[in-house]
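Input: a single structure, listed below in structure tokens.
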There are 2 protein chains.
Amino acid sequence: MKGIIENNENYQPGLSIDCVIFGFHDNQLKVLLIKTPYEHKWSLPGGFIPIDEDIDTAAVTVLNERTGIDGIFLRQFAAFGKVKRNDQHFGKAVLEHYKIPEEAGKWFTQRFVTIGYYALVDFLKAIPQKGNSQEIIDWIDHKEVPELILDHKQILDKALNTLRIELNLMPIGYNLLPEKFTIPELQKLYETILDKKLDRRNFLRKITNIGILTKLDEKKSNVAHKAPNLYTFDKDKYDEVLKNGLNQGW
Amino acid sequence: MKGIIENNENYQPGLSIDCVIFGFHDNQLKVLLIKTPYEHKWSLPGGFIPIDEDIDTAAVTVLNERTGIDGIFLRQFAAFGKVKRNDQHFGKAVLEHYKIPEEAGKWFTQRFVTIGYYALVDFLKAIPQKGNSQEIIDWIDHKEVPELILDHKQILDKALNTLRIELNLMPIGYNLLPEKFTIPELQKLYETILDKKLDRRNFLRKITNIGILTKLDEKKSNVAHKAPNLYTFDKDKYDEVLKNGLNQGW
DNA sequence: TTACATTGCGTCATTATAACACAATTAAAA
DNA sequence: TTTTAATTGTGTTATAATGACGCAATGTAA
């Protein structure tokens, strides 16, 4: 933040990035959110775009800084550019907190357009990183997201909606689950994202027919009831399906 | 253009809009392209964003100015923000042509991010409008698009690709065809967009099963061979399907 | 009058989907 | 130790969707 206050001519003016980072844990679809001490609401992790960086690169940077992982599944899904989307932000809390003089503050109070990215990450590998010591960063169940700043709730909703649609076009799971997982776990992931129950047996048939799963000669241990079999993704086939898409339609 | 040269502080800096406007005619999917006398290549119709306008509104304005129609099907599909996407543009031809002094020209030579929209319009209702007398604006078959400026070819490709995917998620045709049309015409539209042949009989079955077509008691006249029946879209059902989507997948 | 391209309507085999049955496994309760 | 309950693995069956065709009707042009 300090760098940009002093050298905002090095950043793309009026343009920001916001990331909706999804993780899956305890049968919950979680979102990585941030709370700064000078704001009363939570917000999506975001950032500005150095003028000498591609916007995608800037998004990767935000994500990497916040989760500590590389090679993340990251997709741009929409740009948000309503005139009034940030008209009462930065104007108060942030500028005061950073003691930014009015003239320099104009850079922050201008009308901002933001580009939304969503990411799918392995909850156990992603370690939430604070931007500074006063920040709080945490995984929050998407069903219990508190009030967010600006239009961040809309951005989050749109991201989830996009994810739901893309679920029908491509396989997911590789990015959200640990290397070894069970079919019921994968099903829970789908059910959680879609917010609806699926039939166990039909799910198994459909997911295995895609041809991206490898059944391991190993069962999950330390579980109540019957121990489910473990699977991994066949990465080559997975990537092929990712590239070519699932349902052809016409 | 004049307004923005003198009052560029009224526009969102470093951000533009580009529109991929599709029309369907003579069994060709056509794109509305522009050629300015001071450029050797063609370009997508685009524009800048007034700081007091939503980006979507700015896109509607561009579209309306270029086609003369309202109530257009218009969708934002991606933002393009590679660092070098406009590094050799504006720097020469445009600035010279408009005799923009170097200082004022900096606004145009800065790094630009552009937001891509695609539109579907009725070819016969859309009348290409020149921005000024020296411009050429024309419908060009998407298979014969000449070399375009900057990354406009990529933007066009991405738009078409998005359209192909969305064809499986929603009905189209209402925006691209005249009010009355035949099934073979609708099929040609699909085939042209997808660039593949479809079976007549299966197409009829599938498209009618969607329940968005109304068969008219009228046949197309002045045609070679057997006169095909005319149809219209049932707008209520069409909109309902548009809203809810076609294939559920999971 | 005939040839030909196109339309309208239909069949049939295959595949995909939805709904459901039952046995096996394992922790916890009785 | 036995029983209960939850969960997993592996089916079956009926229905719907899809892909690959056949054939007669229509209207232009040879």
Side-chain angles (χ1 to χ4, degrees), chain A residues 26-27 167-171 173 177-178 180-192 194-232 241 244-250, chain B residues 26-27 167-171 173 177-178 180-192 194-232 241 244-250:
Chain A
D26 285 339
N27 290 340
L167 210 57
N168 295 323
L169 306 175
M170 64 183 195
L177 295 174
K180 296 178 182 179
F181 56 89
T182 69
I183 298 290
E185 280 166 0
L186 184 57
Q187 183 179 338
K188 280 274 163 43
L189 172 60
Y190 272 75
E191 289 181 338
T192 306
L194 296 169
D195 196 27
K196 83 176 175 195
K197 282 271 163 205
L198 300 174
D199 183 274
R200 267 179 338 112
R201 297 146 290 190
N202 293 337
F203 179 81
L204 172 67
R205 177 162 36 83
K206 201 165 169 183
I207 205 79
T208 50
N209 275 347
I210 297 173
I212 54 174
L213 295 177
T214 306
K215 189 173 184 175
L216 299 176
D217 190 21
E218 194 178 349
K219 287 179 190 301
K220 189 163 176 120
S221 53
N222 296 324
V223 288
H225 316 297
K226 182 170 178 176
N229 216 304
L230 285 169
Y231 286 78
T232 50
V241 176
N244 299 330
L246 275 174
N247 297 321
Q248 292 301 352
W250 297 97
Chain B
D26 285 340
N27 290 340
L167 210 57
N168 294 323
L169 306 175
M170 65 184 194
L177 294 175
K180 297 177 181 181
F181 55 90
T182 68
I183 298 290
E185 280 166 0
L186 184 57
Q187 183 179 338
K188 280 276 163 41
L189 172 60
Y190 273 74
E191 289 181 338
T192 306
L194 296 169
D195 196 26
K196 83 176 175 196
K197 283 268 162 208
L198 300 174
D199 183 273
R200 269 183 333 115
R201 296 146 289 190
N202 294 337
F203 180 81
L204 172 67
R205 185 183 45 201
K206 203 166 168 181
I207 205 80
T208 48
N209 275 345
I210 297 173
I212 53 174
L213 295 177
T214 306
K215 188 173 183 174
L216 298 177
D217 191 20
E218 193 178 348
K219 287 179 190 301
K220 189 164 176 120
S221 53
N222 296 325
V223 289
H225 315 297
K226 181 171 179 176
N229 218 304
L230 285 169
Y231 286 78
T232 51
V241 177
N244 299 331
L246 276 173
N247 297 320
Q248 293 301 352
W250 296 99

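Please read these numbers as outputs of a predicted model, since none were measured by experiment. Letters A, B, ... are given to chains in the order of the sequence lines, protein chains preceding strands, and every chain is numbered from 1.
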Report task. May I ask you to verify whether the side chain of A:Arg201 and the base of C:dA18 hold a donor-acceptor pair under 3.5 Å? Result -> no
Query raised in the report: How many Å lie between CG on B:Leu246 and C1' on D:dA17, as a whole number?
Result: 14 Å
Report task. Round to a whole Å and report the spacing from CZ of B:Phe203 to P of C:dT7. Result -> 12 Å
Report summary line: For A:Lys215 and A:Asn229, the nearest pair of non-hydrogen atoms, with its separation, is CE-ND2, 3.2 Å
Query raised in the report: Going 5' to 3' along nucleotides 23-30 of chain C, which nucleotides have protein heavy atoms under 4.0 Å from the base (write B), which only from the sugar-phosphate (write S), and which from neither (write -)?
Result: -BBBS---
Query raised in the report: Expressed in angstrom and rounded to an integer, what is the separation of A:Leu198 atom CG from C:dT17 atom P?
Result: 13 Å
Query raised in the report: Can you name the residues that form a salt bridge (Lys or Arg N to Asp or Glu O under 4.0 Å) with B:Lys197, not counting sequence neighbours?
Result: B:Glu191
Report task. Output the distance between atom NZ (B:Lys220) and atom CG (B:Asn222), rounded to the nearest 0.5 Å. Result -> 9.5 Å
**Report entry** A:Asn202 CG to C:dT15 P, straight-line distance once rounded to whole Å
**Finding:** 18 Å
Query raised in the report: Rounded to the nearest 0.5 Å, how far does CD1 of B:Ile210 lie from CZ of B:Arg205?
Result: 12.5 Å
Query raised in the report: At their closest point, which heavy atom of B:Thr182 faces which heavy atom of B:Pro228, and how far apart are they?
Result: CG2-CG, 3.7 Å
Query raised in the report: For A:Leu167, does its backbone N or O pair with a side-chain atom of B:Trp250 as donor and acceptor, under 3.5 Å?
Result: yes
Query raised in the report: Taking A:Asn247 for the side chain and A:Gly249 for the main chain, is one N or O donor matched with an acceptor at less than 3.5 Å?
Result: no
Query raised in the report: Quick one: is D:dA17 close enough that its OP1 or OP2 comes under 4.0 Å of any side-chain N or O from B:Lys206?
Result: no
Query - Length of the line joining A:Ile183:CD1 and D:dT7:C1', which is rounded to integer Å - result: 15 Å
Query raised in the report: What is the distance, rounded to the nearest whole Å, between atom CG of A:Leu230 and atom P of D:dT7?
Result: 18 Å
Report task. Name the nucleic acid region contacted by A:Asn209, choosing base, sugar-phosphate or nothing; use a 4.0 angstrom heavy-atom cut-off, strictly under. Result -> nothing
Report task. Indicate, with a heavy-atom threshold strictly under 4.0 Å, whether B:Lys215 touches base, sugar-phosphate, or nothing. Result -> sugar-phosphate
**Report entry** Integer-rounded Å distance: D:dT13 P and A:Asp199 CG
**Finding:** 17 Å
Query raised in the report: Minimum heavy-atom separation for A:Ile212 to A:Pro171, with atom names?
Result: CD1-CB, 3.6 Å
Query raised in the report: Quantified as the angle between the terminal helix axes (five pairs each), what is the overall bend of the helix from C:dT1-D:dA30 to C:dA30-D:dT1 to 10 degrees?
Result: 10°
Requested in this report: Hey, could you give me the OG1/CG distance between A:Thr214 and A:Leu230, rounded to the nearest 0.5 Å?
Outcome: 12.5 Å
Query raised in the report: Which comes earlier along DNA chain C counting from the 5' end, the contact point of B:Tyr231 or that of B:Trp250, where each point is its nearest nucleotide?
Result: B:Tyr231
Query raised in the report: Please give, in whole Å, the distance from C:dT6 P to B:Gln187 CD?
Result: 12 Å
Query raised in the report: Hey, does the side-chain of B:Arg205 have a donor or acceptor N/O within less than 3.5 Å of a partner on the base of C:dG8?
Result: no
